[in-house]
Chemist: 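Okay, here's the structure, questions in a sec.
The sequence lines fix the lettering, A, B, ..., with proteins before strands; numbering per chain opens at 1. Just so it is clear, the values below take in all heavy atoms, side chains as well, and ignore hydrogens, waters and symmetry mates. Computed from a prediction, not measured in an experiment: that's the story for all the values here.
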Amino acid sequence: MTVRVRFAPSPTGYLHIGGARTALYSYLFARAQGGKFILRIEDTDLERSKREYELAQIEDLKWVGITYDEGPDCGGPYGPYRQSERFDIYQKYAWQLVEASMAYPCFLTEDELAALTAQAEAEKKSPHVYHDKYRSFDLTEARKKIAAGEPYVIRFKNPQKPYHFKDLVRGDVHFKEDMVGDFVIIRANGLPVYNFCCVIDDVEMKITHVIRAEEHLNNTVRQLMIYEAIKAPIPEFAHVSLLIGEDRQKLSKRHGATSVSQYREENYLPEALINYLCLLGWSHPDETDIFSIDELGSKFDLTRFSKSPALYDIQKLKFFNEQHLRRLPTSVLREKLIAIAPTDHRFPEQTPEWQDKFIELYKDKIQLLPELLEKTDEVFRVEMLDEPEFQEAMSWETTPQIREFLKKKLDDPKLEVMTEDLYTQWMDALKNELKIKGKPLFMGSRAVLTGVTHGPDLKILMALTPISVLKERLALFS
RNA sequence: GCUCCCAUCGUCUAGCCCGGUCUAGGACACCGCCUUUUCACGGCGGGAACAGGGGUUCGAAUCCCCUUGGGAGUACCA
């Protein structure tokens with residue numbers, strides 16, 4: 001039997017990092033098993049679902065490198081893959097259940113329902129109720145009422161017995177018989193409800209493994225009832241622990257950046273995001289931490305999940321980003337920088353040789369790509385930074401001598417570009433002719449040439465700096 | 001309230017199933033030292049955890065029970 005796994009988001013917003021994580025696990029599992037990965041859009045909530053969000057989520061999925069074999073935009077043998085295009089299928093199943101007396105049309109008005117709930121509450125019973133008034137019904141009678149236009153929903157007739165199943169991450173899970181009542185499967189507007197169409201689709205699409213977040217654990221009891229009623233085989237379930245925020249509550253918008261698109265906008269590397277997400281609640285068998293989806297390959301399995309919720313920590317994400325940044329070849333970094341640079345930025349104007357040298361000089365100092373762009377400031381900026389170490393360097397008696405020496409060298413009209421060799425020559429001259437050495441030499445020339453007392457390898461930095469900038473900096477001191 | 005789930009450093013986790021090899025390993029963050037005549041990178045080192053209580057056992061982080069704490073669900077949302 002080929003493994004078939006699905007990711008079933010509802011298009012009511014942008015792709016959430018939690019969603020990306022379950023999508024990733026599903027995708028990884030399908031890949032590792034040589035199975036199929038399916039994208040299904042759960043847009044039965046017509047009010048909140050938007051095509052715009054569906055498109056955005058697909059784009060985000062592609063951005064992080066998750067591809068699917070079947071889905072709304074690429075089709076497949078069990079389509080359509082958008083629930084809004086499958087309403088007749090759910091109707092068919094629902095009425096089959098009604099005809100088999102396993103579900104019933106319920107004509108309870110809102111007021112009647114509210115009264116029942118209130119009564120249950122008053123009696124300190126669970127708020128759900130079994131709607132005895134309609135549980136036994138005459139089908140022709142019901143059909144007549146429906147034809148007459150009376151509003152109704154279809155409720156599933158709860159078999160009122162305990163259920164249990166084996167969860168791949170949680171082990172045996174037992175549900176007592178009184179957990180839910182006769183729940184709605186088709187709403188008054190004729191549209192199906194999540195717990196119903198989810199099962200129908202998983203059956204129709206021959207899904208073998210359902211990997212989803214733990215918030216769905218309690219839904220499983222309803223779904224188990226439906227599988228049983230329609231006599232369909234039950235898939236394997238894996239309820240993955242939730243992602244939580246600083247306050248240890250389920251991660252949501254109020255925790256800050258929680259949608260994948262935000263990370264894309266901030267120029268995080270998709271491979272870093274995915275690497276980090278993968279390790280939140282799952283551990284690599286070799287305890288490796290930095291890896292790509294491809295490197296993970298067949299090592300992914302469903303046995304290494306942690307059962308407790310995982311706290312989402314941006315600081316650690318940044319560490320992963322830093323690590324993945326370092327894995328990228330300079331040429332790739334260069335192209336990315338050119339792509340993200342603002343239109344008036346200096347970086348794209350430089351020669352590729354300059355750009356590569358610059359990247360190699362700074363790439364170990366940053367965690368996020370845009371920080372590299374900011375580093376160009378250190379090359380072109382003409383100002384003295386007011387810091388104690390700088391003041392100290394300026395107070396040395398050798399510093400003005402260094403400045404005079406360098407000023408003379410820079411004023412040479414034949415001088416066109418600064419090079420590493422030239423810088424070395426100057427330093428040697430300073431040492432031999434002016435007898436300046438050690439900290440006063442290096443720190444002093446750094447202060448005078450860059451306006452700051454710390455930074456990258458001065459020799460390389462000098463070779464990147466235009467002569468004009470150096471002259472302007474020296475002029476600051478007169 | 002009721003139902004379900006969970007519990008190892010501040011955080012992510014390994015170990016738990018199949019008790020001894022665990023004075024509990026790794027990673028992030030933090031601190032220190034070395035390296036670098038700067039900064040960073042890197043290297044080395046440090047502090048830091050088995051929620052509590054009972055069992056079972058020669059022996060428990062590991063198995064059982066209770067307590068406490070945390071989370072999720074309890075919809076004509078998904």
Chemist: For RNA chain B, whose closest nucleotide is more 5', that of A:F320 or that of A:D247?
Modeler: A:F320
Chemist: So does A:Y14 have more than 12 non-hydrogen atoms from other groups sitting under 6.0 Å from OH?
Modeler: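 No, the 6.0 Å shell around OH holds no more than 12 heavy atoms from other groups.
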Chemist: Short question: side chain of A:Q391, backbone of A:P388 - any donor-acceptor pair under 3.5 Å?
Modeler: no
Chemist: May I ask you to verify whether the side chain of A:K307 and the base of B:A7 hold a donor-acceptor pair under 3.5 Å?
Modeler: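 Not at all, since no donor on one side and acceptor on the other fall under 3.5 Å apart.
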Chemist: Is A:E214 side chain donor-acceptor paired with the B:G73 base, going by distance under 3.5 Å alone?
Modeler: no
Chemist: Regarding A:N321 and A:H324, is there a side-chain donor-to-acceptor distance under 3.5 Å anywhere?
Modeler: no
Chemist: Starting at the 5' end of RNA chain B and moving along, which residue's nearest nucleotide shows up first, A:R170 or A:Q249?
Modeler: A:R170
Chemist: At under 4.0 Å, does any side-chain N or O of A:R326 touch on OP1 or OP2 of B:G42?
Modeler: yes
Chemist: On the nucleotide B:A78, are OP1 or OP2 found under 4.0 Å from the side-chain N or O atoms that A:T44 carries?
Modeler: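 Checking A:T44 against B:A78: at least one side-chain N or O falls below 4.0 Å of OP1 or OP2.
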Chemist: So, is A:R187 close to the B:A78 phosphate, meaning a side-chain N or O under 4.0 Å from OP1 or OP2?
Modeler: yes
Chemist: Give a yes/no on whether any side-chain N or O of A:K363 is located under 4.0 angstrom from OP1 or OP2 of B:C41.
Modeler: no
Chemist: Given B:A40, is OP1 or OP2 found less than 4.0 Å from the side-chain N or O atoms of A:K365?
Modeler: no
Chemist: Taking only the side-chain nitrogens and oxygens of A:R304, find out if one of them lies under 4.0 Å from OP1 or OP2 of B:G15.
Modeler: yes
Chemist: Regarding B:A29, can its base be found pairing with the side chain of A:D313 as donor and acceptor, where the two atoms are less than 3.5 Å apart?
Modeler: no
Chemist: Quick one: is the NZ or CZ of A:K145 closer than 6.0 Å to the six-membered ring centre of A:F107, and within 45° of its axis?
Modeler: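 Geometry flag: set, cation within 6.0 Å and 45°.
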